[in-house]
Amino acid sequence: MNLEDVKQILQLMREHELTEFELERDGLKIRVCKNGSGSLTAAPATPHAPAALPPPAAASPALPAAAPDVADEADEQEFAVVKSPIVGTFYRAPDPGAPSFVEVGTIVKKGQVLCIIEAMKLMNEIESDHDGEIASIYVENGKPVQYGERLFAIRSTSV
């Protein structure tokens, strides 16, 4: 990671009004937090540790109206919730004019691409870890997502 990479991270944080950013790549970990005064502070890059990353501080304010109902049902193990593994921009389709990868009601298989999250000009395909039916899509196309933010709820088809 070089100075230009750090500058890009700081620019992304300002553009998307993020308060915290954490990245692990090639055995290095960097965490940048915005303090109460609005200035940015960075923790030093450390060797990769197997510890899990903390959950996000708050849910996205742009959730659709039906999202809380599905989230409550997800706690009952009927739904699998797909969460964002990275911070970036959420895209429902491979190209602006292309159809979405999935819609509510689409039957998906484990390993099927659900969306793309763009992070630092890299397009990351997010795949389903579950077989089932898309019950809810929590994020709007083109909107920023945080690490751990809910993206989809998948209803198991084996129930």
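Please read these numbers as outputs of a predicted model, since none were measured by experiment.
- Taken to the nearest 0.5 Å, the OG atom of Ser128 stands 11.5 Å off from the CG atom of Leu151.
- Here the closest heavy-atom approach between residue Ile137 and residue Val102 is recorded as CD1-O, 4.0 Å.
- Put simply, CZ on Phe152 and CZ on Phe101 are 9.5 Å apart, with the number rounded to the nearest 0.5 Å.
- Residues that satisfy the side-chain hydrogen bond (donor to acceptor under 3.5 Å, both in side chains) test with Glu103, not counting sequence neighbours, are Arg92, Ser100.
- For Glu133, the salt bridge (Lys or Arg N to Asp or Glu O under 4.0 Å) test picks out Arg155, with sequence neighbours left out.
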Notebook entry, point to check: When you look at Phe79 and Ile154, which way does the side chain to side chain contact (heavy atoms under 4.5 Å, CB included) test go after all the steps?
Noted result: CA-CA 5 Å; Phe79 292 90; Ile154 301 175; over 6 Å; no
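- Thr106 is linked by a side-chain hydrogen bond (donor to acceptor under 3.5 Å, both in side chains) to nothing, counting only residues two or more places apart in sequence or in another chain.
- Under the 4.5 Å side-chain criterion, counting only non-hydrogen atoms from C-beta, Ser136 is not in contact with Val104.
- Of all heavy-atom pairs spanning Pro144 and Glu149, the tightest one is O-OE1, 4.3 Å.
- Separation of atoms NZ (Lys83) and OH (Tyr147) is listed at 9.0 Å; rounding is to 0.5 Å.
- In this structure, the separation between CG on Asp131 and CD1 on Ile107 is 10.0 Å, given to the nearest 0.5 Å.
- Summarising the geometry of Ala93 relative to Pro99, their closest heavy-atom pair is CB-O, 3.4 Å, with the distance given to 0.1 Å.
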Indicate every side-chain donor-acceptor pair of residues 108-120 with a distance under 3.5 Å to a residue at least two apart or in another chain.
from, atom 1, to, atom 2, distance (Å)
Gln112, OE1, Lys109, N, 3.1
Glu118, OE1, Tyr91, OH, 3.3

